Every structure is written in structure tokens, then in C-alpha cells.
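Throughout, protein chains are lettered first and strands after them, A, B, ... in sequence-line order, and every chain is numbered starting at 1. All values below were derived from every heavy atom in this structure, side-chain atoms included, with hydrogens, water molecules and symmetry-related copies excluded. This one's a predicted model, so the numbers in the text were calculated from it and none came from an experiment.
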There are 2 protein chains.
Amino acid sequence: MPKRVVPEAARRRRRPTRQGRVLSHELIIATALRMLKEHGAAGLTARRLGLALGADASTIYRYFRGMDDLTLAIADALFAAALESWRATGDWRADLRALGLSIYRAYLSHPQAAVLTASRVAGRPHEVAVDETILCILRTEGFPDPDAVRVYHAFIDQSLAFAVLDAASLALPEAARQADQEVWRETYARLPAETHPHIAATAPLLVARMNDSGYPAALDMLLDSAARQLRDRSG
Amino acid sequence: MPKRVVPEAARRRRRPTRQGRVLSHELIIATALRMLKEHGAAGLTARRLGLALGADASTIYRYFRGMDDLTLAIADALFAAALESWRATGDWRADLRALGLSIYRAYLSHPQAAVLTASRVAGRPHEVAVDETILCILRTEGFPDPDAVRVYHAFIDQSLAFAVLDAASLALPEAARQADQEVWRETYARLPAETHPHIAATAPLLVARMNDSGYPAALDMLLDSAARQLRDRSG
DNA sequence: CATCAACGTCAATGGTGTTGGCATAAGGAG
DNA sequence: CTCCTTATGCCAACACCATTGACGTTGATG
């Protein structure tokens with residue numbers, strides 16, 4: 001007796017099955033990114049992804065070992081995008097700044113993906129390529145090794161940290177974002193009455209400030225510090 | 001005809017039901033935090049949480065509107081812990097530094113929770129209390145308002161960003177962490193052969209550096225910058 | 001005592017990731 | 001051409017998930 005019964009109907013009508021491969025890693029990742037942007041992190045499920053691809057959910061497992069693996073691939077796609085949109089000029093400081101902003105922009109361009117993959121750092125190829133690039137720039141410029149490592153870590157930590165955090169607020173659904181703003185507006189409006197008498201006028205300023213990121217400023221501070229280090233050592 | 005059939009057995013034997021309330025918001029949050037630490041973010045489910053509490057999963061919904069609501073409550077508990085372990089001394093710079101490190105430590109003491117709640121910023125009470133505290137310190141010290149806002153944002157952004165990112169690597173299961181280290185060790189060992197001849201000896205240094213956080217340094221840089229600002233303005 | 005809200009359980013619903021079995025299709029070997 | 005292997009896709013099934021509604025029980029309030 002067979003363990004599994006194949007329904008008669010399924011056995012009867014044979015679908016005009018496709019010829020050749022329909023899917024690919026790239027197509028699946030691109031579709032997943034689109035779904036993330038449109039429906040948020042919770043909206044990306046194997047079944048819906050399959051539907052969007054015109055395929056069965058289980059087909060995805062021919063390409064990825066699981067949703068977890070797919071998540072890592074998506075994370076690496078962000079690094080790939082960051083590197084692709086970056087060009088070296090030879091000026092180490094300008095190059096590092098551009099690379100940092102490039103990473104930052106890649107994350108912000110897919111906030112849902114950034115949040116989804118925030119905690120996944122696993123030495124994927126493009127991620128490693130970014131690391132190699134940074135270290136290569138620093139070494140070429142003549143940073144002695146312990147300093148190069150320190151600058152590299154500060155740089156990548158800071159870039160990723162800001163990217164993830166800023167992406168997180170972008171990743172909120174529009175409704176939640178507006179609700180948040182409302183809460184903050186009230187908080188800010190209420191806050192100063194107790195500690196400062198003349199502040200009502202500055203509440204809008206506080207709210208406006210919410211939409212900016214501290215990343216560029218932090219990045220410049222870091223590069224300043226690195227440049228000073230380099231000058232001190234060589235001069 | 002009743003829509004739902006109540007089984008005879010259940011109707012028969014009445015359980016010796018408990019008297020008084022068994023659960024509380026605090027108990028549920030504490031248990032959830034414990035589960036997060038022990039089993040990771042994926043291990044926190046309504047069913048298992050109920051089991052750990054000696055209650056049915058559905059009971060949790062008497063206290064929280066859903067797992068999402070519970071997540072927000074957990075996030076706020078981190079801010080509460082940060083504030084509780086902090087004491088003001090009157091020195092604005094030392095106080096801010098201590099508060100930043102306090103937030104950082106609170107997140108790192110529950111890495112799983114930090115990662116789980118990274119993208120949830122929703123104006124919960126203790127979170128707002130932290131914000132009020134920071135702004136209050138800056139205003140009391142005499143920061144004019146636009147500067148206070150700027151410093152506040154840089155401070156909280158940077159603190160949270162580093163906390164979340166560093167927590168993310170701590171939140172990895174031990175096996176994954178070791179695997180990651182292995183990948184990086186290989187990468188670092190392989191990297192310099194192409195770009196630098198004498199670097200093999202520094203690979204261990206790079207790996208060791210992995211375990212440090214750039215947060216304290218970044219925090220000091222930020223406070224330096226703020227202090228300079230304040231001096232320039234008043235002097 | 002009667003009422004009521006709070007609290008807890010049970011059973012059910014519709015969704016999830018994942019797997020094993022099966023059916024093709026493509027491509028090479030004979 | 002046939003035969004075999006491998007890659008690719010679908011289907012049905014499994015275990016688990018969050019959430020809900022009906023129901024019983026309790027303690028407090030009138």
C-alpha cells in the first residue's frame with residue numbers, strides 16, 4: 001500500500017508544464033525585494049513569494065535552503081548594490097565617505113530588507129568585498145595596520161548602525177509613522193513646560209529634526225579623526 | 001443548533017481552577033525576556049510563553065493585544081532598565097556618558113530582545129522618559145535649543161545604533177557566532193596576500209578587534225564635539 | 001443574593017516554513 | 001533513436017504559529 005495517495009484528478013489532466021528553468025536566484029531575490037517594499041517584512045512569505053513568481057512556494061527550496069538562506073542572500077544583495085553604485089577616485093577620504101554613503105543609501109533604498117537582515121552578518125561574498133575595499137583603501141593610504149583596523153571597524157560599525165536604525169523608522173508602515181510623529185509631537189510640546197518656559201515655538205523644530213539622520217555628521221567626525229591620526233603619525 | 005460543540009468530558013470534570021490572578025504584565029515580560037535569552041527570538045512564541053507561565057497561550061491576550069504589543073512592552077522594558085541603573089551626578093558630560101553606556105548595556109544584556117525590538121520605536125513611556133532626561137540635561141546645562149536638539153538626536157541615534165548592531169552579533173547562537181568568526185578569520189588571512197605582503201601576523205589582531213565595540217569612542221567624540229560647541233558659544 | 005468585569009481554558013481558523021513523493025524537461029551517452 | 005541522470009517544478013502533508021470566540025470560574029460590588 002502506497003503511503004501517499006495521488007488523486008485521480010491530478011493524475012488525469014497533465015498541465016502544459018513549462019520548458020526550461022523559469023526561476024533563478026536573481027529573479028527570486030529581486031521579487032522578494034519588491035515584495036518587501038510593497039508589503040513589508042511580514043508580507044514576505046514563501047507562499048506569497050511563490051505566487052508573485054508564478055510558482056509554487058516549495059519551488060523556492062530548489063534555490064535556497066530555506067527562508068533564512070534567502071534572507072542572507074537579500075542582505076548580501078544590499079552590499080552588492082552599495083559597491084556597484086560606488087566609484088573610486090583615489091582620494092581616500094572622499095572615497096571612504098562616498099562608500100559609507102553608498103552603503104547607507106543602499107540600506108535606505110530597501111528599508112524593509114535592511115530591518116529584516118539587520119541581525120544577519122555572515123560573511124557573504126559582497127559583504128566581504130566591501131570589507132576588503134575599505135581595508136585596501138586604508139592600507140594603500142599608508143595607515144599602519146593597527147590603525148587601519150581601528151578605522152575600518154569604526155567606519156563599518158557606524159555606517160551599518162546608522163543605516164539600520166534609520167531604515168527601521170522608514171520601514172514602519174505609513175500609518176504607524178504618522179502615529180509615531182503624533183506621539184512625539186505631543187511629547188515635545190508637553191516636555192518644556194516643566195523645564196523651560198519659552199519653548200513652545202521650538203516643538204516644530206524638534207519634529208522636523210526627527211527626519212534627518214546624524215550619519216553624515218558622524219561620518220565626517222570619524223574621517224576627521226582618522227585624518228588627524230594619519231597626519232600626526234607621518235608628520 | 002449550537003455553532004460549537006462542547007465536549008462531554010470537558011463539561012464533566014471541572015478543573016480545580018486557580019483563585020485570584022496568576023499572571024501580570026510584569027511576570028509575562030520577565031518570562032518573555034528569559035525565554036528570549038534562553039531560546040532566541042524564534043523561540044519566543046505564544047504557546048511556549050504560555051507553557052513557561054503555566055498558562056494557556058490565549059491567556060496572554062488578556063494582557064497584551066497581541067505578540068506585537070508584547071514586543072513593544074519588552075522594548076520599553078529595556079529603556080526602563082537603562083534609566084533604573086543610572087544616577088545623575090550633576091556633571092552633564094559624565095551624566096550623558098553614563099546614560100549612553102547604560103542604554104548600551106541594557107540592550108547588550110538582552111541581545112535577543114534588542115534585535116527583536118530594534119525596529120520598534122513607538123513612544124512608549126520609559127522610552128519617552130529617557131528622551132526627556134537627555135533633553136533636560138542639555139537644557140539645564142545651557143545648550144540653546146537648536147543645539148540641544150541636535151546633540152540629543154546625535155546622542156540617541158548613535159547610542160541606539162551601536163547598541164542594536166552590537167547586540168545583533170551577540171544575539172547569534174553560539175554555533176553561528178563561531179562559524180562567523182571562522183569565516184572572518186579565513187577572510188582576513190586571505191585578504192592581505194594580494195594587497196600587502198607582511199600582514200599574516202596581523203590577522204589575529206583583526207579577529208580580536210572584532211569583539212570590541214566602537215561605541216565608547218564614538219560617544220566620546222560626540223561629547224567632545226558638544227562640549228566644544230558649548231564653549232565656543234559661551235566664551 | 002445578584003451582577004459584573006476580569007481572568008483563564010478550550011477548540012477552531014487560517015496562516016506559516018518545510019519536506020517527501022512524483023512528474024516532467026533537458027542533456028548527454030550508448 | 002533509446003536510456004539514464006539531473007535539474008526543476010508541483011502537490012499534499014506535517015507541525016507549528018498567532019489569534020479569536022464561546023464558555024466557565026472567580027472576586028468584588030451593589
Side-chain angles (χ1 to χ4, degrees), chain A residues 1-28 31-32 35-36 39-74 116 120, chain B residues 1-28 31-32 35-36 39-74 116 120:
Chain A
M1 186 176 75
K3 273 207 297 203
R4 201 167 298 248
V5 178
V6 175
E8 189 59 22
R11 189 174 286 282
R12 189 82 45 83
R13 54 160 167 72
R14 285 272 144 251
R15 230 160 314 82
T17 49
R18 285 175 202 54
Q19 45 198 353
R21 75 162 58 187
V22 174
L23 303 181
S24 67
H25 291 82
E26 291 73 18
L27 180 59
I28 294 177
T31 308
M35 291 189 64
L36 279 173
H39 304 101
L44 178 64
T45 72
R47 283 167 155 80
R48 288 163 62 107
L49 181 54
L51 201 69
L53 288 161
D56 191 83
S58 58
T59 304
I60 295 163
Y61 291 80
R62 296 284 181 201
Y63 293 85
F64 298 96
R65 298 205 293 171
M67 292 305 274
D68 200 69
D69 193 32
L70 174 59
T71 298
L72 289 178
I74 291 174
L116 179 66
R120 315 307 311 272
Chain B
M1 186 176 75
K3 275 207 295 201
R4 200 168 299 248
V5 178
V6 175
E8 190 58 22
R11 190 174 284 283
R12 189 81 46 81
R13 55 160 166 71
R14 285 271 142 252
R15 230 161 313 84
T17 49
R18 284 173 203 59
Q19 47 199 353
R21 74 163 59 190
V22 176
L23 302 181
S24 67
H25 290 83
E26 290 72 19
L27 180 59
I28 294 177
T31 308
M35 291 190 64
L36 278 173
H39 304 102
L44 177 65
T45 71
R47 280 162 151 78
R48 289 161 64 107
L49 181 55
L51 200 69
L53 287 162
D56 190 84
S58 56
T59 306
I60 296 162
Y61 292 82
R62 297 282 180 204
Y63 294 84
F64 299 96
R65 298 205 293 172
M67 293 304 273
D68 199 69
D69 193 31
L70 174 60
T71 298
L72 290 178
I74 292 174
L116 180 66
R120 314 309 309 274

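A straight line from CD1 of A:I60 to P of D:dC10 spans 10 Å, rounded to a whole angstrom. Separating the CG atom of A:L49 from the P atom of D:dG9 is a distance of 13 Å, rounded to the nearest angstrom. Atom CG of A:D69 and atom P of C:dG17 are 14 Å apart (whole Å). For B:F64 and D:dT19, the CZ to P distance is 13 Å, given to the nearest whole Å. Distance CZ (A:R62) to P (D:dA7): 10 Å, rounded to an integer number of Å. At whole-Å resolution of the value, CG in A:D68 and P in C:dT19 are 12 Å apart. Atom OH in B:Y63 sits roughly 17 Å away from atom P in C:dA5 (whole-Å rounding). Atom-to-atom, CG of B:L44 to P of D:dC17 comes out at 10 Å; the value is rounded to the nearest Å.
Checking the phosphate oxygens (OP1, OP2) of D:dC10, a side-chain nitrogen or oxygen of A:T59 falls inside 4.0 Å. For A:Y61, no side-chain nitrogen or oxygen approaches OP1 or OP2 of C:dG20 to under 4.0 Å. Contact annotation: B:T45 reaches the phosphate of D:dC17 (side-chain N/O to OP1 or OP2, under 4.0 Å).
The heavy-atom pair separating A:I60 from A:A46 by the smallest distance is CD1-O, 3.6 Å. Scanning both residues, A:L44 and A:M67, for their nearest heavy atoms gives O-CE, 4.2 Å.
The main-chain N or O of A:I28 is never found under 3.5 Å from a side-chain atom of A:Y63 such that the two would form a donor-acceptor pair.
Side-chain atoms of A:R47 and base atoms of C:dG17 include a donor and an acceptor less than 3.5 Å apart.
Where A:G43 and A:D56 meet DNA chain C, the nucleotide closest to each residue was compared, and A:G43 sits on the side nearer the 5' end.
Listed by first and then second residue, the side chain to side chain donor-acceptor pair (under 3.5 Å) pairs that reach into residues 42-57 of chain B are B:D56-B:S58, sequence neighbours excluded.
The nucleotide whose nearest atom lies closest to any side-chain atom of B:A46 is, among C:dG17, D:dA18, C:dT9, D:dA18.
Residues satisfying the ring pair (Phe, Tyr, Trp, His ring centres under 6.0 Å) criterion with B:F64, sequence neighbours excluded, are B:H25.
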